[in-house]
Amino acid sequence: ISSEKQIMFYKVQITFNDNLIHEDTYPNLHEMADKLGMKYQTCADISAGRIKPKFISKDFPFQPQINIQKIKQKLLSPQ
């Protein structure tokens, strides 16, 4: 008999002018925010779709696109 265990992690992709400049996975949004120098709330808002995944400024044309995906993965563990 085996039981299913689910793990969750976050994948981030940052592009600039359609060029991928950063791609990595993180176990949680706090670690992602720390590594990227962003606020936790900004990462959470992008992940949840509450804000557009880019920095919004009409006056500054050079803006990276940020895509954060929550990924759930099932693991089978024998018992």
Side-chain angles (χ1 to χ4, degrees):
I1 298 175
S2 65
S3 65
E4 284 188 9
K5 184 178 180 182
Q6 195 170 37
I7 61 169
M8 185 171 55
F9 56 95
Y10 294 85
K11 179 179 180 179
V12 64
Q13 292 180 323
I14 301 174
T15 58
F16 181 72
N17 288 339
D18 297 325
N19 295 312
L20 183 65
I21 58 173
H22 179 78
E23 181 176 39
D24 208 348
T25 56
Y26 299 92
N28 56 61
L29 292 174
H30 286 286
E31 187 172 317
M32 179 187 294
D34 288 343
K35 295 282 185 180
L36 297 177
M38 296 174 67
K39 293 181 181 178
Y40 164 79
Q41 193 60 52
T42 302
C43 288
D45 287 343
I46 292 171
S47 175
R50 289 189 287 267
I51 62 173
K52 291 182 180 180
K54 69 175 184 176
F55 295 97
I56 301 167
S57 172
K58 297 174 191 173
D59 301 324
F60 193 66
F62 306 107
Q63 300 179 29
Q65 294 281 335
I66 301 173
N67 180 26
I68 299 173
Q69 289 180 289
K70 184 188 313 184
I71 299 172
K72 294 179 182 179
Q73 190 172 44
K74 292 181 181 178
L75 298 176
L76 292 177
S77 55
Q79 288 189 356

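Numbering of residues begins at 1 and proceeds along the displayed sequence.
Of all non-hydrogen atoms in I14 and P64, the two that sit nearest each other are CG2-CB, 3.9 Å. For the residue pair C43 and I68, the shortest heavy atom distance occurs at O-CD1, 3.7 Å.
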Please report, to 0.1 Å, the donor-acceptor pairs under 3.5 Å made by any side chain of residues 26-34, with sequence neighbours excluded.
{"unit_1": "Y26", "atom_1": "OH", "unit_2": "H22", "atom_2": "NE2", "d": "3.0"}
{"unit_1": "N28", "atom_1": "OD1", "unit_2": "H30", "atom_2": "N", "d": "3.1"}
{"unit_1": "N28", "atom_1": "OD1", "unit_2": "E31", "atom_2": "N", "d": "2.7"}

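In this structure Q69 satisfies the side chain to side chain donor-acceptor pair (under 3.5 Å) test with no other residue, sequence neighbours excluded. For D24, the salt bridge (Lys or Arg N to Asp or Glu O under 4.0 Å) test picks out no residue, with sequence neighbours left out. Applying the salt bridge (Lys or Arg N to Asp or Glu O under 4.0 Å) rule to K35 yields no partners; only residues at least two apart in sequence or on another chain are considered. With sequence neighbours excluded, the residues satisfying side chain to side chain donor-acceptor pair (under 3.5 Å) with K11 are E23.
For residues 38-50, the set of pairs meeting the salt bridge (Lys or Arg N to Asp or Glu O under 4.0 Å) definition, not counting sequence neighbours, comprises D45-R50.
When the options T42, I46, T15 are evaluated for a side chain to side chain contact (heavy atoms under 4.5 Å, CB included) with I66, the one that passes is I46.
Rounded to the nearest 0.5 angstrom, Y10 OH and I71 CD1 are separated by 10.5 Å.
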